[in-house]
Amino acid sequence: MIALAVAVTTRCDGCIATHARAAAENGATKEELAETLTVAVALNAGAAVAYSARVMDAFSAFSDGK
């Protein structure tokens, strides 16, 4: 989850996909994901908000609807 927050703040689409997949495969919930993204937004404001949507899309693609 820390790596995912860092991926958002560095705006790395490949990292977002990799870490979102890992989060989904390791049982992360959408609530945990939202908390992680809140930290990223607190650190990087506007850009992190935009990239947070990409995280949610990637996570949804890799998760089973948790």
Side-chain angles (χ1 to χ4, degrees):
M1 301 305 278
I2 293 169
L4 190 53
V6 171
V8 170
T9 61
T10 59
R11 303 175 201 142
C12 178
D13 287 324
C15 298
I16 287 170
T18 298
H19 297 304
R21 181 179 208 160
E25 289 174 350
N26 286 289
T29 64
K30 286 187 179 181
E31 291 78 16
E32 292 168 328
L33 192 65
E35 184 176 354
T36 298
L37 296 175
T38 299
V39 172
V41 169
L43 293 171
N44 200 322
V49 172
Y51 278 78
S52 291
R54 295 179 185 198
V55 171
M56 296 302 286
D57 291 341
F59 183 79
S60 293
F62 296 121
S63 70
D64 59 0
K66 295 177 208 164

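For the atom pair CZ of R54 and SG of C12, the computed distance is 10.5 Å after rounding to the nearest 0.5 Å.
Between M56 and L37 there is a side-chain heavy-atom pair separated by less than 4.5 Å. Residues N44 and V8 fail the side-chain proximity criterion, which asks for heavy atoms closer than 4.5 Å. Contact of the F59 side chain with the K30 side chain is registered, since non-hydrogen atoms from C-beta on lie closer than 4.5 Å.
Shown here for L4 and L33, the closest heavy-atom pair between the two residues is CD2-CD1, 3.3 Å. Closest approach of A48 to S52, counting heavy atoms only: O-OG, 2.6 Å. Minimum interatomic distance between F62 and A20 (heavy atoms only, all atoms of both residues): CD1-C, 4.2 Å.
M1 and I16 fall within a single hydrophobic cluster, where Ile, Leu, Val, Met, Phe, Trp and Tyr side chains are chained together by heavy-atom contacts under 4.5 Å.
More than 12 heavy atoms of other residues, nucleotides or ligands shown are found within 6.0 angstrom of CD on E32.
Side chain of T9 to backbone of V6: a donor-acceptor contact under 3.5 angstrom is found.
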